[in-house]
Amino acid sequence: MASSSTSPIHASSKYDVFLSFRGKDTRKNFIDHLYHALQQQGIYTYKEDKKIMKGKRISDELIRSIEDSKFYLIVFSRNYASSSWCLDELVKIMECHNDKTTEHTAYPVFYDVTPADVRHQRGDVRKAFAKHKNKETAGKWREALKEAADLAGWELKNTADGHEAKFIQEIVEQVSLELCSINCNFDEKLVGMEMRVNDLVSSLEIGIDDVRMIGIKGMGGGGKTTLARSVFDEISFQFEGASFVENVREISSTSLSGLKSLQCQIVSDVLDDKDISIRGIHEGKSMMKRRMRGRKVLIVLDDVSHINQLEALAGECSWFKPGSRIIITTRDEKVLLAHKVTLIRDVNLLSNKEAICLFSRYAFGSEIPIKDYGELSENVLRYAAGLPLTIKVLGSNLCGEDKPIWKDALERLKSIPLSETMKILELSYTVLEDDLKEIFLDVACIMKGWSKDKAIQALESCGFHAISGLRILQQKSLITIYARGDQEYVRMHDHIEEMGRNIVRRSHPNMPEKHSRLWKNDEIEHILANDLSTEETRCVHFHFQKLDPCILIKCFGKMKALRFLSIVMKDCSRNLELNTFIPSFPDALRYLRWTNYPFRSLPKTCQANNLVTLEMPESKIVQLWEGGERKLLGKLRFLDLSYSKLKTLDLDLTPNLETLNLGNCCDLVELTDAISMMEHLKSLKVNGCLLLEKLPDDLCRLGCLEKLNLSSTNIKHLPDNIFMLKNLKHLKLDECKLLEKLPEDIGEVKCLKKLSLSSTNIKRLPDSICMLKHLRKLKLDDCESLEKLPEDIGELKCLECLDLSSTKIKHLPDSICSLKHLRDLKLYYCESLEKLPEDIGKLKCLEFLDLSFTEITHLPDSLCKLKYLSDLILNCCFSLEKLPEDLGELEYLQELHIKGVCIDLPQSIHLLNGLRIYGSRWLLESFDFSSEIQPLDEENFKDQDQYYKMLCYVEV
């Protein structure tokens with residue numbers, strides 16, 4: 001029996017929340033959802049692993065976990081009281097809750113029982129408890145149940161109309177607020193620090209007997225120093241010596257003796273000897289190596305900016321005794337990598353709740369805004385964007401002020417940045433090399449939010465080493481790169497963007513014509529309308545509607561140093577003629593993008609000698625140059641004339657093109673043979689060129705070509721020598737209605753990864769297609785003439801997605817079961833398909849299977865071995881007679897769609913807690929599910945037909 005005594009809760013408890021629950025009732029549904037919701041909110045939660053539940057009594061480990069938790073969520077369910085383990089756990093929880101010397105709090109959560117059921121042990125609770133009634137501990141268990149039921153908590157039936165998701169959200173919000181209140185007391189006005197400290201301390205693994213260096217990186221003002229100081233204060237007592245070295249960058253750069261003084265500080269702190277003297281850096285290194293080896297130390301090096309600082313202050317792990325920990329804060333990840341620091345943590349900015357709490361403490365001396373200041377506080381926090389430094393400064397500045405002062409301060413911030421924040425942030429900018437400063441300012445003023453590929457293209461066009469440049473900015477915490485789908489995008493914190501734009505504007509705040517970069521429409525219109533263009537301007541990004549396009553070209557011509565020009569204008573219905581006598585685009589221009597360019601050609605006065613990117617999508621261009629003039633564009637690498645009126649293009653004048661986009665040029669009739677001379681071309685798009693009927697015979701000479709898009713053209717066949725395109729990775733032929741076959745040697749295109757043939761008239765696939773060892777995606781949907789696949793289709797070992805929807809496929813080759821990496825298999829509307837291969841269960845990676853509107857009569861039993869299958873779509877499989885009895889083995893199955901299917905569900909399906917079954921209401925009502933039938937979210941299906949709007953779902 002666990003001891004009833006509990007130790008006082010430490011300011012840094014191991015867990016925020018302890019979950020007490022009956023596993024067989026709630027582990028795979030409610031508890032799983034609640035646990036993940038708590039974790040996503042940054043609430044460190046203990047959830048008992050069923051693997052440790054070996055005995056009938058709770059373990060010492062579990063007792064310690066209960067004692068090391070701040071809050072307890074006791075989830076009462078029908079069978080909770082049947083478990084002696086749960087009841088012993090409950091007794092221990094109530095002991096901790098009632099101990100006045102600690103700060104533990106218990107909350108009951110009544111899942112599928114009522115408080116009265118638990119309090120009086122009646123109904124399902126009585127049945128569950130019945131087997132314990134003669135046990136010696138029964139009285140103590142009854143008292144714990146009654147006491148817990150009397151506590152304030154949550155009851156699902158009477159909360160959020162019984163919606164579990166909203167119920168969980170309410171619980172998590174309340175726990176978050178309680179934790180925020182506690183965290184605010186972690187150290188004076190620090191907020192959200194306890195969880196961050198716990199995470200970092202966990203990474204340090206203090207009990208392990210090695211020397212460990214860990215880096216904390218992030219933007220200026222983001223809380224790196226605060227976090228490091230909090231961790232230092234929390235754990236320094238566990239070491240034999242400790243030193244917190246502040247402002248390493250500043251001290252080491254102010255004088256030649258700066259690093260020496262820092263070495264002296266470390267040795268003095270660790271040895272507790274104020275008489276330490278060091279004559280030089282080399283001597284300091286020797287002394288540290290000699291004197292540090294005998295003590296387990298904790299050293300924090302704050303704001304490190306150069307590798308030589310680390311070499312002098314923590315040169316190697318061998319300097320220190322095993323068990324020592326070195327924490328390094330920096331804005332520059334590269335410094336950490338250069339010093340071989342492999343354990344690197346990003347400092348997270350404050351969440352909205354944390355920001356409210358921190359701001360309120362500085363502005364109001366409380367944890368929430370005072371009455372009538374809520375909306376103003378939200379506006380302040382919207383500007384601060386989670387940056388602790390800004391929140392503290394604004395909170396302090398606005399403390400005690402009335403509303404007019406607040407409103408005026410917010411209005412001022414729209415045009416005048418907060419100087420304290422800008423000063424800190426700009427330190428990261430000032431240390432950049434000149435070319436990196438230019439890249440940073442281009443991103444801050446124009447390219448924030450762009451795809452990484454487009455930003456690299458634009459920056460390279462302007463002569464910068466963009467790939468390495470963006471990487472360095474990322475390492476220095478000035479930008480972040482985030483992925484969305486298959487694309488990566490450039491992101492920048494609002495204050496860093498503001499800092500960059502302020503650098504551009506501050507020398508001449510009221511004279512935008514002298515700014516190096518222009519991005520504000522009203523300022524640009526003023527400059528152009530008043531003919532104020534100057535040679536100071538290098539980049540312009542402009543959306544306009546009012547000005548005459550001829551005036552635009554004339555004014556831009558005066559910007560002699562202009563290297564980047566991006567214009568978006570509304571479609572102009574007039575056919576405009578160029579004035580031959582107006583100046584043209586400046587010769588320095590390297591990047592030109594003009595959406596809806598209104599003229600039929602580029603002015604002949606435009607030399608374009610330095611142009612690297614020319615993009616004129618949706619333009620009125622008929623021929624590239626005015627008067628049909630021929631000009632060599634020797635530096636041009638990227639050309640986009642998509643959706644233009646172009647009829648032909650002299651490709652021999654662009655020998656260095658890498659990307660050519662002529663998509664949806666509906667008047668384009670041919671690609672000239674000169675395209676075969678473009679030895680650097682990597683991407684060619686002519687999709688939607690409806691008059692294009694054939695490709696040049698020498699297209700195969702494009703040895704660098706990686707992407708070829710011929711969709712929605714009238715091409716009847718591909719050149720037989722297409723196999724010579726050795727680097728081709730993506731080939732799109734969707735909607736090529738006249739295309740009936742592929743070249744027999746298509747399998748020789750060895751690098752092909754994606755092949756899309758949707759809505760073509762392909763009747764068969766060449767056997768050689770099975771030689772495409774790198775093919776990942778094969779789309780054949782709506783190929784209505786396709787009746788079979790090659791027997792050796794299973795040779796496509798890398799295939800991940802196969803779409804055969806709306807084909808006349810009658811059977812799938814048995815070899816398809818060898819596709820070990822296949823994730824998506826779509827057979828929607830394959831009306832001739834009557835069965836699946838018996839070994840379909842060998843597709844170990846399959847996640848999505850759509851068999852809707854097929855004539856399938858049964859599903860092979862092996863389907864139940866598809867371990868990772870998450871979506872099984874069987875809508876309108878009218879011939880389907882039954883589902884496999886062991887369907888409940890599909891533990892990852894999340895959605896089962898059975899609209900229009902008249903079958904019984906196997907009993908094993910009740911094992912799949914959390915599974916959503918979609919179908920018509922009358923069908924779902926025919927099954928015996930205790931959970932409520934829900935209509936689909938109309939918001940998600942508002943654009944769908946009535947079929948979708950009639951669907952409902954039930955959750956197992």
Side-chain angles (χ1 to χ4, degrees), residues 1-10 13-27 31 34-35 45-50 52-155 171 175:
M1 189 67 187
S3 170
S4 61
S5 64
T6 57
S7 57
I9 188 168
H10 193 274
S13 297
K14 188 173 182 181
Y15 302 106
D16 294 322
V17 171
F18 181 100
L19 291 178
S20 177
F21 61 96
R22 183 69 167 114
K24 77 174 187 178
D25 285 350
T26 57
R27 181 186 299 279
I31 288 297
L34 176 59
Y35 176 78
T45 304
Y46 181 89
K47 184 180 74 165
E48 173 182 281
D49 189 337
K50 60 183 177 183
I52 71 171
M53 295 178 62
K54 295 178 180 177
K56 295 182 179 180
R57 308 183 75 83
I58 61 176
S59 64
D60 291 341
E61 177 189 345
L62 197 61
I63 290 173
R64 285 194 299 272
S65 298
I66 293 172
E67 292 174 347
D68 280 343
S69 301
K70 295 188 190 74
F71 296 100
Y72 311 114
L73 293 179
I74 309 163
V75 182
F76 288 117
S77 57
R78 290 172 180 168
N79 292 295
Y80 184 93
S82 69
S83 168
S84 58
W85 180 286
C86 288
L87 293 169
D88 279 341
E89 196 176 79
L90 178 62
V91 170
K92 179 62 182 176
I93 287 172
M94 296 313 298
E95 286 177 359
C96 292
H97 173 82
N98 292 328
D99 191 336
K100 302 303 181 184
T101 65
T102 65
E103 298 174 7
H104 302 282
T105 305
Y107 291 109
V109 177
F110 302 97
Y111 179 63
D112 53 5
V113 293
T114 68
D117 290 339
V118 177
R119 184 181 300 113
H120 304 296
Q121 291 98 60
R122 70 186 190 190
D124 289 327
V125 178
R126 179 183 62 79
K127 294 176 185 177
F129 194 80
K131 67 178 184 178
H132 305 307
K133 62 183 181 180
N134 295 323
K135 291 184 179 179
E136 181 179 340
T137 52
K140 180 167 55 176
W141 289 343
R142 288 183 187 277
E143 185 60 30
L145 287 168
K146 181 180 183 302
E147 191 176 357
D150 287 335
L151 296 175
W154 297 271
E155 184 180 2
I171 295 172
V175 173

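For clarity, every value in this text was computed on a predicted model and none was experimentally measured.
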Do you know which two heavy atoms are closest between [X] and [Y], and how far apart they sit?
| X | Y | value |
| --- | --- | --- |
| A106 | I93 | CB-CG2, 4.0 Å |
| F129 | A138 | CZ-O, 3.7 Å |
| E89 | F21 | OE1-N, 4.1 Å |
| P115 | A149 | O-CB, 3.7 Å |

Would the distance check show the side chain of [X] and the main-chain N or O of [Y] forming a donor-acceptor pair, the cut-off being under 3.5 Å?
| X | Y | result |
| --- | --- | --- |
| H97 | A148 | no |
| K131 | S82 | yes |
| D117 | V125 | no |
| R22 | S77 | no |

Give, for atom [atom1] of [X] and atom [atom2] of [Y], the distance between the pair rounded to the nearest 0.5 Å.
| X | Y | atom1 | atom2 | value |
| --- | --- | --- | --- | --- |
| N79 | K24 | CG | NZ | 4.5 Å |
| L73 | Y35 | CG | OH | 13.0 Å |
| L19 | R27 | CG | CZ | 10.5 Å |
| K140 | K135 | NZ | NZ | 12.5 Å |
| T26 | D112 | OG1 | CG | 8.5 Å |
| K92 | L62 | NZ | CG | 10.5 Å |

Answer whether the closest heavy-atom distance between the side chains of [X] and [Y] falls below 4.5 Å.
| X | Y | answer |
| --- | --- | --- |
| V113 | R78 | yes |
| C96 | E67 | yes |
| D16 | V175 | no |
| I31 | Y111 | no |
| F18 | D68 | no |

>> F76 and ring pair (Phe, Tyr, Trp, His ring centres under 6.0 Å): which single residue from Y107, W154, F110 fits?
In response: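 Running ring pair (Phe, Tyr, Trp, His ring centres under 6.0 Å) over Y107, W154, F110 with F76 returns exactly one hit, F110.
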
> Any luck finding a side-chain donor-acceptor pair between S20 and Y80 under 3.5 Å?
Replying inline: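 On atom types as modelled, these side chains qualify, holding a pair under 3.5 Å.
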
> Partners of K146 by salt bridge (charged side-chain N to carboxylate O under 4.0 Å, His left out), sequence neighbours excluded?
Replying inline: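 Scan of K146 (salt bridge (charged side-chain N to carboxylate O under 4.0 Å, His left out), adjacent residues dropped) gives D150.
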
> For the residue pair Y72 and H104, does the interplanar ring angle fall in the parallel (under 30°), tilted (30 to 60°) or perpendicular (over 60°) class?
Replying inline: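 Parallel: the ring planes of Y72 and H104 meet at under 30°.
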
> Where does the angle between the aromatic ring planes of W141 and H132 fall among parallel (under 30°), tilted (30 to 60°) and perpendicular (over 60°)?
Replying inline: perpendicular

